[in-house]
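Notes follow once the structure below has been shown.
Just so we're on the same page: letters track the sequence lines, and every chain starts at 1.
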Amino acid sequence: QKEVEQNSGPLSVPEGAIASLNCTYSDRGSQSFFWYRQYSGKSPELIMSIYSNGDKEDGRFTAQLNKASQYVSLLIRDSQPSDSATYLCAVSEYGGSQGNLIFGKGTKLSVKP
Amino acid sequence: DTAVSQTPKYLVTQMGNDKSIKCEQNLGHDTMYWYKQDSKKFLKIMFSYNNKELIINETVPNRFSPKSPDKAHLNLHINSLELGDSAVYFCASSQDIGGYTFGSGTRLTVV
């Protein structure tokens, strides 16, 4: 069974620090990788996608992918209290529109002022 | 104008009842999904529907049935509700993989 593993946390960081969220996946054939943010009582929202090895930066967010190690991470620089949420890692075996996303159980991030 | 809308937002019902949750997307996406999020916040795929092709997660009880009258709608019908069905149900749509847009969720409570 395909699995996506995340440390459930909570991960607590001070405001302004770098938050590092990690995720591993079991299916070596996975091609597409995503990070979603979910505030309490709200729906998940896509914040990053990454498809090839290396780093991808978008504002304060950097996604890192290492397919050989089956590892994907999300770095949040200059963390703000508004970043406090649960971060969901999601993986798909397909690069097109056919596949379903397999989600990890999420890491709860708390940014302390 | 909401991209993916679900109704109702809250649903409280008794065991054994039959209920439906409606989902509509106005994004023109080809694929729609139903996910279940349990009390531990774990999101699990239930169904995906693409161009009239239904893909069912084999772990979903057959009391759950998706119904799609057209590309913009994917409703979820649940028969003989059980206590363990209590969860938040999310509808989502996508055009390309990963571009999921989620609805606001339906919190189902079975008493």
Q) If you round to the nearest 0.5 Å, how far is CD of B/Gln37 from OG of A/Ser43? A) 9.5 Å

Q: Flag yes if A/Tyr51 and A/Leu46 sit in one hydrophobic cluster, no otherwise; membership is Ile, Leu, Val, Met, Phe, Trp, Tyr, and two members link when side-chain heavy atoms are under 4.5 Å apart.
A: yes

Q) Checking heavy atoms, do the side chain of B/Ile45, its backbone, both or neither come under 4.5 Å from chain A? A) side chain

Q: Measure the spacing between NZ of A/Lys105 and NZ of B/Lys41 and express it to the nearest 0.5 Å.
A: 14.0 Å

Q: For A/Lys108, look at atom NZ and say whether over 12 heavy atoms of other residues, nucleotides or ligands are found less than 6.0 Å away.
A: no

Q | Linked, directly or transitively: A/Leu75 and A/Leu11 (ILVMFWY side chains, under 4.5 Å) | A | no

(Q) Please tell me whether B/Met15 and B/Phe64 are part of a single hydrophobic cluster in this structure, the criterion being side-chain heavy atoms less than 4.5 Å apart. (A) yes

Q) Taking all non-hydrogen atoms of both residues, which atom of A/Gln38 and which atom of B/Phe90 are closest, and how far apart? A) NE2-CZ, 3.7 Å

Q: Treat each ILVMFWY residue as a node, draw an edge where side-chain heavy atoms are under 4.5 Å apart, and state whether B/Val111 and B/Leu11 are in one component.
A: no

Q. Shared ILVMFWY cluster between A/Trp35 and B/Phe42, side chains joined below 4.5 angstrom?
A. no

Q. Any donor-acceptor pair under 3.5 Å linking the side chain of B/Tyr100 with the backbone of A/Leu101?
A. yes

Q: Tell me, for A/Glu45 versus chain B, whether the close heavy atoms (under 4.5 Å) come from the side chain, the backbone, both or neither.
A: neither

Q.
Can you tell me which portion of B/Phe102 sits under 4.5 Å from chain A's heavy atoms? Options are side chain, backbone, both or neither.
A. both

Q) Would you say A/Pro44 and B/Tyr35 make side-chain contact, with heavy atoms under 4.5 Å? A) no

